[in-house]
Each structure stands twice: as structure tokens, then as C-alpha cells.
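These notes concern the structure reproduced below.
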Amino acid sequence: VIELLLAALDLSPERAELQAEQAALLEARGQLENAATSWRDAVAAHPRAPVSWLRSLEHLCWRLGRNAERAHWLGRLEEHEDLSAGEREHCAAERVALLTAHPELRAQAALLLAHLLDAGAPLSEPQQSARAQQLLGLYDQLGRDADWCALALRLAPVLDLTPRRALERE
């Protein structure tokens, strides 16, 4: 029945709602690949996809082991205007942790962390310092010595004395 209704509707929020219902049914039946396709179609067809759809798709990507795609959906959640600043920061932190945990995605993690340091939501000084330390570690792992040095020089005046001495020794 849902397939017939989908065939009759053009791209619209109503079609997206039906695709989301279909995705939920497919997921409940254990047809995860088909459910992921339906969720993606629903999100693409809706001009302002609900947070619950993005969360469902992100969770489904986690179940399917699709780390890069999951990071993408966490990014979409991070940008969603219906989430509080705290929820958006949680999505950003989870996205960084996901990207950092997978060697093939660490370059993306470094780009994201650099962006968050420069333009992200304001954080407390210890949180910003922790984020900067994490980025320094990623630069070191990736062999990006010039980026590491530039960031270390930029951070030297604001770092506590102990971490600053450790950076100078490196």
C-alpha cells in the first residue's frame, strides 16, 4: 500500500512522511539496508527533515557499521536548528570521537576539530584546551608537522605552564 501511495506522490513533505513510515516498518522487520535507503529518501524529500528522522538514520548507520555515513548524519544533526546548543555540542563531540576512532577518517576529524576551534560554539577554556590538545594529537598521528607547529605556536600563550613545557619539549 505504501509503495502505491509513494508512486502517486511527487517529491513533497507528504511523500517524505510516507517514506519515513516505510523506513520504520522496514527497520522493524530487520530489513536494515532497505530501511536506510528509505530514511535517506525521506530526508532528501523533506525540506526540513525532523530531528527524529536524522537520529533514526544515524542510529541505523551505527547498526550497519557505516562510520563515514554516520559521521555525516551526526553533522546534519549538529546543524539542526531544533536542537539546543548542548545537544549540538554533544553531536559534534560524538562525531569527532567517531572520526578519530577510525584511522581512515582521522584526516576528516582533524578538519572538523580545526573548524570547531576557529568557528565552533564558544566553549569553556578547559574544553577549548582539550579540543586543541586532541587536534595536536591528530596532527602528530597524521604527520602534519607544519600544522602541528602552527597550532602549537598559536596556543602557546594560552596554555597552562605544564602543558606548554611539554609542547616545547616535543
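These numbers were taken from a predicted model, which means no experiment stands behind them. Side-chain atoms are counted along with the backbone in the values below, which use heavy atoms only and exclude waters and symmetry mates.
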ask   = Is there a path of hydrophobic side-chain contacts, each under 4.5 Å between heavy atoms of I, L, V, M, F, W or Y residues, that connects L111 with L99?
value = no
task = Please examine the side chains of V43 and Q19, heavy atoms only from C-beta on, and report whether any two atoms are closer than 4.5 Å.
result = no
ask   = Should V51 and W62 be regarded as members of a common hydrophobic cluster, given that ILVMFWY residues are connected when their side-chain heavy atoms come within less than 4.5 Å of each other, either directly or indirectly?
value = no
request  = Give, for atom CG of L136 and atom CG of D140, the distance between the pair rounded to the nearest 0.5 Å.
outcome  = 8.5 Å
remark   = From the list Q22, R63, H59, side-chain hydrogen bond (donor to acceptor under 3.5 Å, both in side chains) partner of E27 resolves to R63
key: Reported CZ-to-CG distance for the pair R55 and L74, which is rounded to 0.5 angstrom   = 10.5 Å
ask   = Hey, is D118 close enough to R154 for a salt bridge, meaning N to O under 4.0 Å?
value = yes
request  = Indicate yes or no: does R48 engage E81 in a salt bridge with an N to O separation below 4.0 Å.
outcome  = yes
ask   = Could you give the distance from CZ (R106) to OG1 (T100), rounded to the nearest 0.5 Å?
value = 7.5 Å
message = Please check: side-chain N/O of H80 versus main-chain N/O of A49, any donor-acceptor pairing under 3.5 Å?
response = yes
task = With rounding to the nearest 0.5 Å, note down the distance linking CG in L112 to CG in L98.
result = 10.5 Å
inquiry  = Using side-chain contact (heavy atoms from CB on, under 4.5 Å), reason through L116 and V96 one step at a time and then give a plain yes or no.
reply    = CA-CA 10 Å; L116 290 172; V96 167; 4.0 Å; yes
Minimum-distance pair of heavy atoms, taken over all atoms of A42 and A20 = CB-N, 3.7 Å
ask   = Can a salt bridge be assigned to the pair E69 and R40 using a cut-off of 4.0 Å between side-chain N and carboxylate O?
value = yes
Inter-residue atom distance H115.NE2 - L135.CG, 0.5 Å rounding = 13.0 Å
ask   = For the hydrophobic clusters of this structure (ILVMFWY residues joined by side-chain heavy atoms under 4.5 Å, transitively), does one cluster hold both L57 and L26?
value = no
key: Transitive ILVMFWY side-chain link L105 to Y139, under 4.5 Å   = yes
key: E78 side, atom CD; E89 side, atom CD - distance, nearest 0.5 Å   = 7.5 Å
request  = Of all the heavy-atom pairs spanning A109 and L138, show the shortest one and how long it is.
outcome  = CB-CD1, 3.8 Å
message = I'd like to know if L142 and L113 are part of one continuous hydrophobic network [Ile/Leu/Val/Met/Phe/Trp/Tyr, side-chain heavy atoms within less than 4.5 Å].
response = no
inquiry  = One thing to verify: whether R70 and E94 come together as a salt bridge, which I'm taking to mean a side-chain N less than 4.0 angstrom from a carboxylate O.
reply    = yes
query = Would you call the rings of W39 and W53 parallel, tilted or perpendicular, where under 30° means parallel and over 60° means perpendicular?
reply = tilted
